[in-house]
Amino acid sequence: MNRPLRHLWLVVSVLFVLLFTSTTYFQVVAQGRLNADGRNVRTIYNEFGRHRGPIVVDGTAIASSARSDDSYGYLRSYDPGAMYAPVTGYYSVVYGFSGLERALNDTLSGDADALFYQRISDILSGKQGQGATVELTIDAKAQEAAYDALDGKKGAAVALDPETGAVLAMVSAPSYDPDDLASHSTKDVQAAWSELNDDPDRPLTNRAIAGDLYPPGSSFKLVTAAAALESGGYTPETQIPGPGTYTLPQSSSVMNNHAGGGTEACGPDDSSTLQAALEQSCNTSFALLGQEVGEDQLRTTAEEFGFGQKLSIPLSVTPSTIGDDLDASQLATTSIGQYEDRVTPLQMAMVASAMANDGAVMQPQLVQKVSTSDLSTISELTPKELGRPLSASNAALMRQMMEGVVSEGTGTAAQIDGAEVGGKTGTAEWGDGRTAHSWFVGYAQQDDRKVAVAVVVEEGGYGSRTAAPIARDVMEAVIQP
């Protein structure tokens, strides 16, 4: 009799251990994987059953949640959706989330560690829990100016506060309406998703910080000029050669001095000052200058501007790059923003910001403040220096040269009455038989208001004609409120 009881006890014990082990595994070990599984409908309902916090610009919610009349609980909506889509991203029942909705999901949903005491307080008081409010650094007027100016074009614009790194505008064109992906109708969302992904203009790509990066063209000459000044061997008045054409070293390729194939030399006797070369955007001058400065100095300066660095603003930013192990010919073309130079508009806005901030590049940041539903502040923007590619004195010399570009050179279309404006145009070649990309990179200052900006228009041609007027509109919106 004892043996059958012992066998029964052993079987029951084993079953209990198996039950306990399986329960522990699924509730503890596999919890994260199961919750993340797209087939877990309970997780989806739980996620969309929360009152998600708003995303706010200048006191107005551009992304908010409201109760829905279906089983999901809350519906996310965006207004004005397309203008801010590169920043907010989308929050979709079918396709998850992107942009700040993804980067700050724990904060917006209320799951962040910083919101622990708020969650406890809501439970004890019986209040409906709500995610945190995220206030952005975006200047609504600047964002609207950039969005309107890029209407009908492909490209991007970024504006920064040079002293804090605050992102004042971030527009990618063409854009899309996140409401189309936030709908609770699976059929409608899938149709919108297919249409957006089939669009050859790639509206879901944030051209300001990611996607296929751009050759910067002549706007990169700002980096080359900064490297020359930092080397200690140059000033704006230094004479540098600028022949009408230049045969690249160990090559039969001939570089023309100006965009569009112009072969006019820079100055009498095929030479000019560094300042005049920048004002006229002389290719041969900067190709030769880059070789004299050398790859090490050029790369060191570029890296101090932020090239090669992985940035989170908190959106993930694709690092900008220049080529490696350059020979003389490659270094020459790199120095004028071609060869393997690839940049984001954000990176080029950071280049301009250093000139306007006495040589210091600040960490770009999109979030001004995060607060709870009872308005208690959780975190606020804290300016952080990212690099210092120039001394304050050399930054002042760069501003002097960039002002000359706008007052007398290729960037006159960026002038703003009553303001100090400096910049550099760019016309970036990117393929045989294709119209060049149009660039303007610069800064503006009036009284105590500053802004740094970068604008690229795909296949826009001359930067002086296409990108510069857009940059002017954005800068004007910031410094002349």
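All values below come from the heavy atoms of this structure, side chains included, with hydrogens, waters and symmetry mates left out. These figures come from a predicted structure and were not determined experimentally.
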Counting only pairs under 3.5 Å, give me each side-chain donor-acceptor contact of residues 314-326, with atom names and distances, residues two or more places apart or in other chains.
| unit_1 | atom_1 | unit_2 | atom_2 | d |
| --- | --- | --- | --- | --- |
| S320 | OG | T344 | N | 3.1 |
| D324 | OD1 | R299 | NH1 | 3.3 |

Going through the distances and angles, do V421 and Q415 end up as a side chain to side chain contact (heavy atoms under 4.5 Å, CB included)? CA-CA 6 Å; V421 182; Q415 294 176 0; 5.9 Å; no
Would you say the side-chain atoms of [X] and [Y] include a donor-acceptor pair closer than 3.5 Å?
X    : Y    : result
Q480 : Q446 : yes
R76  : S65  : yes
N105 : R52  : yes
S281 : K424 : yes

Check this for me, if you would: do R207 and D201 make a salt bridge, where the nitrogen-to-carboxylate-oxygen distance has to be below 4.0 angstrom?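 Salt bridge: no.
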What are the two closest heavy atoms between [X] and [Y], and how far apart are they?
X    : Y    : answer
Q347 : F307 : OE1-N, 3.2 Å
V453 : A471 : CG1-CB, 4.0 Å
V167 : P364 : CG2-CB, 4.4 Å
A63  : E101 : CB-OE2, 4.2 Å
P162 : M362 : O-CG, 3.3 Å
N283 : S218 : OD1-OG, 3.8 Å

Just say parallel, tilted or perpendicular for the rings of Y214 and W439, cut-offs at 30° and 60°.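 Ring orientation, 0 to 90° scale: perpendicular.
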Geometric class of the Y176/Y90 ring pair [parallel <30°, tilted 30-60°, perpendicular >60°]: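 The rings of Y90 and Y176 stand perpendicular, inter-plane angle above 60°.
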Check step by step if side chain to side chain contact (heavy atoms under 4.5 Å, CB included) holds for L181 and L196. CA-CA 10 Å; L181 299 178; L196 289 169; 4.1 Å; yes
Should M348 and V456 count as side-chain neighbours, where that means a heavy-atom distance under 4.5 Å?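 Sidechains of V456 and M348: no contact.
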Can you tell if the side chain of V56 reaches within under 4.5 Å of the side chain of K369, non-hydrogen atoms only?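 V56 does not reach K369 side chain to side chain.
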Judged by atom type as modelled, is there a donor-acceptor pair below 3.5 Å linking the side chain of [X] to the main-chain atoms of [Y]?
X    : Y    : answer
K221 : F286 : no
T224 : S335 : yes
D447 : R449 : no
D179 : Y78  : yes

If you look only at distance, which donor and acceptor atoms sit under 3.5 Å apart when one is on a side chain in residues 186-193 and the other is two or more places apart or in another chain?
| unit_1 | atom_1 | unit_2 | atom_2 | d |
| --- | --- | --- | --- | --- |
| D188 | OD2 | S185 | OG | 3.3 |

